[in-house]
Amino acid sequence: MKRIAILGSTGSIGVNALNVAREMPEHFQVVGLAAHSDLDGLARQAHDFSPKLVSLFDAEAAARLKTRVNGGARHLAPGVEGLVEMASHPDVDVVLTSLVGGVGFAPLLAALRAGKTVALANKEPMVMAGAQFMREAQRWEARIIPVDSEPSAIFQCVQGHRPGKAAGDLSAFIKRVFLTASGGAFYRHKGSLEKVTVAQALKHPTWSMGRKITIDCATLMNKGFEAIEIMNLFSLKREQVEIVIHPQSVIHSGVEFSDGSVLAQMSPPDMRLPIQYAMTYPERTIRVIEPLDLFKVGELTFRRPDFRRFPCLALATAAAKTGGGMPAVLNASDEVAVERFVAGRIRFTDIARVVERTMKAYKPSGGLPTFGEVVEIDQWARRKAEEVCEELS
Ligand code: MG
C-alpha cells in the first residue's frame with residue numbers, strides 16, 4: 001500500500017490520478033489533497049477519499065473549506081507553505097505534483113529533500129532548475145518519476161536496459177530520443193496566427209488538459225519545455241532530443257540506443273496510463289485505459305516541426321543551449337505572457353515576442369545558478385515580461 005499526496009488534485013492530472021486510485025483501492029491510500037481554489041471540488045474529493053491532510057492555496061477558499069471538511073482531516077496553511085508541508089510530510093510516500101507553473105518549485109524541493117518518490121507532472125520547475133533538482137534527488141535518495149506522457153514513454157523505454165562496455169559512456173548509450181508532439185491547436189491552421197482567439201488556442205486536438213498547458217501546446221512551447229525536462233531527467237544534450245510532429249498521439253516518445261535499436265511506447269492518448277505507471281512503478285498492474293486498436297488508428301505519421309511558424313520552439317531550444325539561468329527566464333516570461341493572452345491583453349503571436357524580449361534582456365552570470373538564484377532570476381523575468389506585455393498591449 002502506497003500513501004499518496006496529490007498537489008493539484010482538482011486539475012485534470014489530479015482528477016485522473018484519483019480515478020486510478022479509485023480503481024486500485026488495495027494499492028493506494030490517498031493521504032493528502034491540495035488544490036488551488038476549487039472549494040467544491042476539493043470538498044467532494046475529501047469526502048470520497050478521507051485524506052489526513054487537505055490544503056487550498058487560496059486563503060479565502062481555505063477558510064471556507066474548514067466548514068465543509070471536518071472529521072479527521074488536518075487543514076494545512078494556504079499558499080506555498082501548505083504545499084511544502086504536504087510534500088514533505090512523514091505520512092506520505094509518493095508525492096504527485098500536478099501544480100501549474102513555477103509555484104511547484106518549493107514543494108518539489110521540499111519533497112526531494114524529504115527523500116520522497118515524486119510523480120512529476122508539473123514540468124516548469126524541471127525547466128527552471130532541472131539539473132539542480134536531479135542532483136538534489138540523488139543527494140537525498142529521492143526519486144523523480146515522470147508523469148507527463150512523453151518523458152514517461154522515455155522512462156518506460158529505458159527500463160531494464162544497461163550500457164554494455166562497447167556502448168561507450170552513459171550519454172552514448174542513449175543515442176537520441178524521439179520526442180513526439182501532437183502539433184497543438186494550430187498544426188493544421190492555414191494563414192497567419194496573428195489574430196487567432198483564446199478559444200481557438202484552447203482547442204487541443206487529442207488531449208484534454210488545463211488552460212496553461214493547452215496554450216503552451218498551441219505555441220509548441222510545451223514541447224520546448226519537455227525537451228529541456230527530458231535533457232535534465234536523462235542527462236542528454238539538446239542535440240540528442242529530436243522533436244517529431246506525430247498528430248495521432250499514439251507513440252508517446254521513443255529512444256534510440258547505442259546499437260541503433262529504437263524502442264517506443266504506444267497507447268491510446270489517455271493520461272491515466274502514465275499517471276498509473278508513475279504511481280505503481282516499478283510494477284505494471286491492471287489495465288485502466290481502453291486497449292489500443294491499431295486498426296482503428298490506421299496510420300502513424302511523422303513530420304518535422306516548423307520552428308519559424310512556432311518561434312517559441314526556437315526560443316526554448318536557444319534557452320536549452322544557453323543553459324544557466326536562461327531556461328528559468330524562458331519559463332517565467334512564458335507564464336506571464338500566457339496569462340496575459342488568456343486575459344485578452346496580448347495577441348497569440350505576442351507570447352513569443354514577450355519571451356524573446358525578456359530573454360534578450362537577461363544577462364547570464366555563467367555557471368549553474370543555485371536554487372536561491374533561480375528564484376531571483378524567476379522574479380526578475382516576471383517583472384521584465386510584465387513590462388514587455390505593457391509595451392505590446
Ligand atoms: Mg506532454
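Note that these values count all heavy atoms, side chains included, but never hydrogens, waters or copies made by symmetry. Just so you know, ligand 1 is whichever comes first in the structure, and atom 1 is the first atom listed for that ligand.
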Report summary line: Looking only at heavy atoms, the pair that brings P146 and L233 closest together is CB-CD1, 4.0 Å
Report task. Let me know which of E226, E229, E150 forms a side chain to side chain donor-acceptor pair (under 3.5 Å) with K123. Result -> E226
Query raised in the report: Is the closest side-chain donor-acceptor distance between Q276 and T285 under 3.5 Å?
Result: yes
Query raised in the report: How about the Mg ion (ligand 1), which protein N, O or S atoms come within less than 2.8 Å?
Result: D148 OD1, E150 OE1, E226 OE2
Requested in this report: List, by chain and then residue number, the residues other than W380 in its hydrophobic cluster (Ile/Leu/Val/Met/Phe/Trp/Tyr, side-chain heavy atoms under 4.5 Å); write none if there are no others.
Outcome: V127, M221, F225, I228, L315, M326, V329, L330, V355, M359, Y362, I377
Requested in this report: Salt-bridge test for R176 and E242: reply yes if a basic N is under 4.0 Å from a carboxylate O, no otherwise.
Outcome: yes
Query - Parallel, tilted or perpendicular: rings of F257 and F173 (30°, 60°) - result: tilted
